[in-house]
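There's a structure below that I have some questions on.
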Amino acid sequence: MKKRLCLLLLPLLLLSGCRREEPARTAYQLYFQEADLTYSAGEAPFRTETVYLYDSETDTSRRLAEALLNELLKGPADETLKSALPAGTTLLSLEIDGDRALVDLSPSYESLSGVALTLADSAIALTLAQIPEISSVQITARGRELAYRERQVLNIREVLLTPEEDVVTTVDARLRFLNQDGALIPVEQTLDLYEGDTQVSAVARALESRPEDRDGLLSPLPEGFQVKSVWLEEATCYVNLSSALLEGLEDGAVRTALRALESSLRSLDAVEEVRFLVDGEFRRDLGPFEE
């Protein structure tokens with residue numbers, strides 16, 4: 001009897017000894033929007049959905065970032081949520097350059113602008129913020145920057161600290177405007193910054209009109225001149241211009257506009273250098289200018 005009992009227990013012991021452990025997985029959060037915004041008035045624009053990824057398949061920052069974005073692009077499982085990214089968007093490539101994630105998406109991402117683009121960018125940045133090695137994100141579509149952005153590089157810390165309600169702050173700047181003789185005159189101004197603004201974007205916007213309470217001064221930016229995008233990386237401010245908008249403008253007027261932009265931006269404590277780009281390409285012949 002004892003012999004039979006041992007024989008019956010032997011297969012069970014062998015099976016328990018051969019049982020494989022479940023591969024280790026880690027939980028991450030994906031950021032989606034409310035499908036019905038009537039139930040989220042006044043609240044944060046995102047809710048999260050949890051996804052579990054195998055550690056063995058996400059053993060580097062790049063592999064983890066790719067896995068997270070591919071899960072984000074699949075959309076939410078919860079029917080009360082929706083993706084902030086356009087349907088059909090795919091990840092073309094992802095690279096890690098230092099502490100920056102370079103994300104290139106399919107052409108459908110180019111359809112976004114305004115608030116929709118801001119929400120999509122934020123959903124990607126917040127999802128990647130879970131990777132300690134990544135502190136900034138640059139998102140392109142087919143390798144090209146989107147012209148509708150104020151800045152092309154998103155600082156994850158700033159995205160995380162963005163308040164849920166509009167909060168006005170201010171920044172002091174010394175802006176350059178034109179007098180009646182065509183000379184650039186410095187004007188001390190305190191600029192309002194609203195949610196989503198940056199100091200450099202506020203300066204560029206302020207130069208588009210003449211200063212308040214200063215009669216006789218004009219905008220240094222000629223009609224047809226427009227800053228495509230402006231952003232700050234460390235202490236360097238990048239000003240991106242459009243070649244199409246520069247065509248037909250007099251060289252002297254363009255040079256005056258660039259001098260005004262450079263001087264005004266450098267009046268900010270955070271800016272040490274200004275670099276001009278045209279259609280995303282750095283132009284060494286456009287500045288720096290002598291004071």
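Residue numbers start at 1 and run along the sequence shown.
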**Study point:** Worked verdict on Thr90 versus Leu105 for side-chain contact (heavy atoms from CB on, under 4.5 Å)
**Key:** CA-CA 6 Å; Thr90 58; Leu105 300 173; over 6 Å; no
Review point. Okay, side chain of Thr58, backbone of Leu64: is any donor-acceptor separation there less than 3.5 Å?
Key: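 Side chain of Thr58 to backbone of Leu64: no pair is present.
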Exercise for review: Report the C-alpha separation of Ile124 and Leu154 in whole Å, then their side-chain angles, then the decisive distance to 0.1 Å, and conclude whether the side-chain contact (heavy atoms from CB on, under 4.5 Å) test is met.
Suggested key: CA-CA 10 Å; Ile124 292 174; Leu154 303 176; over 6 Å; no
Exercise for review: Could you tell me whether the side chain of Asn240 and the main chain of Ser229 form a donor-acceptor pair under 3.5 Å?
Suggested key: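 Answer holds: no.
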Review point. Between atom OG1 of Thr170 and atom CD of Gln189, what is the distance when rounded to the nearest 0.5 Å?
Key: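 It comes to 12.5 Å.
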Review point. Given the rule that I, L, V, M, F, W and Y join up when any side-chain heavy atoms are under 4.5 Å apart, are Leu221 and Leu191 in one cluster?
Key: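 Linked within one cluster.
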Review point. If only atom types and distance count, is the side chain of Ser264 paired as donor or acceptor with the main-chain N or O of Arg176 below 3.5 Å?
Key: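 Pair found, side chain donor or acceptor close to backbone of Arg176.
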Check your understanding: Hey, does Val278 have a side-chain heavy atom less than 4.5 Å from the side chain of Leu286?
Key ->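 The answer is yes; the side chains approach within 4.5 Å.
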Practice item. Please check if the side chain of Glu57 supplies one atom and the backbone of Tyr54 the other of a donor-acceptor pair under 3.5 Å. Key: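 Pair absent, no side-chain N/O of Glu57 close to backbone of Tyr54.
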Check your understanding: Are side-chain heavy atoms of Ile139 and Tyr109 found at a separation under 4.5 Å?
Key ->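 Ile139 reaches Tyr109 side chain to side chain.
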Check your understanding: Taking side chain as C-beta onward, heavy atoms only, is Leu81 less than 4.5 Å from Arg47?
Key ->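 Yes, at least one pair of side-chain atoms sits under 4.5 Å.
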Exercise for review: For Glu49, enumerate each residue passing the side chain to side chain donor-acceptor pair (under 3.5 Å) test, keeping only those at least two apart in sequence or located in another chain.
Suggested key: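 Expected list: none.
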Check your understanding: Same cluster for Val203 and Leu218 if Ile/Leu/Val/Met/Phe/Trp/Tyr side chains link at under 4.5 Å?
Key ->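 Per the 4.5 Å side-chain linkage, Val203 and Leu218 are not co-clustered.
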Check your understanding: Which atom names give the shortest non-hydrogen contact between Leu232 and Val271, and what distance separates them?
Key ->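 Heavy atoms only, the tightest pair is CD1-CG2, 3.9 Å.
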Exercise for review: Could you check Asp78 against Phe32 for side-chain contact (heavy atoms from CB on, under 4.5 Å), going step by step and ending with a plain yes or no?
Suggested key: CA-CA 10 Å; Asp78 188 340; Phe32 298 107; over 6 Å; no
Practice item. Applying side chain to side chain contact (heavy atoms under 4.5 Å, CB included), name anything that partners Ala24, two or more places apart in sequence or on another chain. Key: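 Side chain to side chain contact (heavy atoms under 4.5 Å, CB included) list for Ala24, sorted by chain: Asp55.
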Please list every donor-acceptor pair under 3.5 Å in which a side-chain atom of residues 177-188 meets a protein atom from a residue at least two apart or in another chain.
{"from": "Asn179", "atom 1": "OD1", "to": "Asp181", "atom 2": "N", "distance (Å)": "3.0"}
{"from": "Asn179", "atom 1": "OD1", "to": "Gly182", "atom 2": "N", "distance (Å)": "3.0"}
{"from": "Asn179", "atom 1": "OD1", "to": "Ala183", "atom 2": "N", "distance (Å)": "2.8"}
{"from": "Gln180", "atom 1": "NE2", "to": "Gly216", "atom 2": "O", "distance (Å)": "2.9"}
{"from": "Glu188", "atom 1": "OE2", "to": "Arg174", "atom 2": "NE", "distance (Å)": "2.9"}
{"from": "Glu188", "atom 1": "OE2", "to": "Arg174", "atom 2": "NH2", "distance (Å)": "3.4"}

Practice item. Could you tell me whether the side chain of Glu145 and the main chain of Gly280 form a donor-acceptor pair under 3.5 Å? Key: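 No: the side chain of Glu145 does not pair with the backbone of Gly280.
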Exercise for review: Before giving the answer on side-chain contact (heavy atoms from CB on, under 4.5 Å), spell out for Leu246 and Leu241 the whole-Å C-alpha distance, their side-chain angles and the decisive distance to 0.1 Å.
Suggested key: CA-CA 8 Å; Leu246 292 177; Leu241 309 172; 4.3 Å; yes
Review point. What is the minimum heavy-atom distance between Leu72 and Ser83, and which atoms define it?
Key: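 Distance-wise, the nearest heavy atoms are O-OG, 4.3 Å.
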Review point. Sequence neighbours excluded, which residues qualify as salt bridge (Lys or Arg N to Asp or Glu O under 4.0 Å) partners of Glu66?
Key: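 Listed in chain order: Arg62.
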Review point. Of all residues at least two apart in sequence or in a different chain, which pass the side chain to side chain donor-acceptor pair (under 3.5 Å) check with Arg25?
Key: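 Residues passing side chain to side chain donor-acceptor pair (under 3.5 Å) with Arg25: none at all.
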Point to revise | Under the ring-ring contact (aromatic ring centres under 6.0 Å, His included) test, residues paired with Tyr238 that sit two or more places apart | key: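 Tyr238 satisfies ring-ring contact (aromatic ring centres under 6.0 Å, His included) with Trp231 once adjacent residues are dropped.
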Point to revise | Non-hydrogen atoms of Ala67 and Leu53 that approach each other most closely | key: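 For Ala67 and Leu53, the tightest heavy-atom pair comes out as CB-CD1, 3.9 Å.
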Practice item. Might you point out which heavy atoms bring Phe46 and Leu126 nearest each other, and give the distance in Å? Key: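 Distance-wise, the nearest heavy atoms are CD1-CD1, 3.8 Å.
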Point to revise | Minimum heavy-atom distance Ser111-Pro86, with the two atoms named | key: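 Nearest heavy atoms, Ser111 then Pro86: OG-CG, 4.0 Å.
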Check your understanding: Listed by chain and number, what are the side chain to side chain donor-acceptor pair (under 3.5 Å) partners of Thr89, not counting sequence neighbours?
Key ->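 Thr89 satisfies side chain to side chain donor-acceptor pair (under 3.5 Å) with Ser108 only.
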Practice item. Step by step, work out the side chain to side chain donor-acceptor pair (under 3.5 Å) result for Thr140 and Asp104. Key: CA-CA 5 Å; Thr140 55; Asp104 190 38; 2.8 Å; yes
**Study point:** Shared hydrophobic cluster for Leu92 and Val137 (ILVMFWY, side-chain gaps under 4.5 Å)
**Key:**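 Result: no, two separate clusters.
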Check your understanding: If you group Ile, Leu, Val, Met, Phe, Trp and Tyr by side-chain heavy-atom gaps below 4.5 Å, do Leu68 and Leu102 land in one group?
Key ->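 No: no chain of side-chain contacts under 4.5 Å links Leu68 to Leu102.
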Exercise for review: Determine, using the 4.5 Å side-chain heavy-atom cutoff (strictly less than), whether Leu258 and Leu249 are members of one ILVMFWY cluster.
Suggested key: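 Cluster IDs for Leu258 and Leu249 match.
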Exercise for review: Tell me, please, which residues at least two apart from Asp59 pass side chain to side chain donor-acceptor pair (under 3.5 Å).
Suggested key: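 By the side chain to side chain donor-acceptor pair (under 3.5 Å) rule, Asp59 matches Arg63.
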Check your understanding: What residues form a side chain to side chain contact (heavy atoms under 4.5 Å, CB included) with Ala65, not counting sequence neighbours?
Key ->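 With sequence neighbours excluded, Ala65 shows a side chain to side chain contact (heavy atoms under 4.5 Å, CB included) to Leu94, Leu128, Ile131, Ile134, given in chain and number order.
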Exercise for review: Kindly say whether Leu207 contributes a backbone atom to a donor-acceptor pair with the side chain of Ser219 at under 3.5 angstrom?
Suggested key: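 Judged by distance alone, yes, a pair lies under 3.5 Å.
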Exercise for review: Write down the atom of Ala120, the atom of Leu85, and the distance for their closest heavy-atom approach.
Suggested key: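 Ala120 and Leu85 have their closest heavy atoms at O-CD1, 4.0 Å.
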Practice item. Could you tell me which residues satisfy salt bridge (Lys or Arg N to Asp or Glu O under 4.0 Å) with Asp285, sequence neighbours excluded, listed by chain and number? Key: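 By the salt bridge (Lys or Arg N to Asp or Glu O under 4.0 Å) rule, Asp285 matches Arg283.
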Check your understanding: Which residue pairs pass the side-chain hydrogen bond (donor to acceptor under 3.5 Å, both in side chains) test when at least one of the two sits in residues 268-280, sequence neighbours left out?
Key ->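 Passing the test, one end in residues 268-280: Ser243-Asp279, Glu273-Arg275.
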Exercise for review: For the pair Glu71 and Lys74, find out whether any cationic side-chain nitrogen is under 4.0 Å from an anionic carboxylate oxygen.
Suggested key: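 A salt bridge is present here (some side-chain N lies under 4.0 Å from a carboxylate O).
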Practice item. For Thr118, check side chain to side chain contact (heavy atoms under 4.5 Å, CB included) against everything at least two apart and list the hits. Key: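 Partners of Thr118 under the side chain to side chain contact (heavy atoms under 4.5 Å, CB included) test: Ser122.
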Check your understanding: Are the side chains of Leu261 and Val227 in touch, meaning some heavy atoms are under 4.5 Å apart?
Key ->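 With C-beta onward as the side chain, the pair touches.
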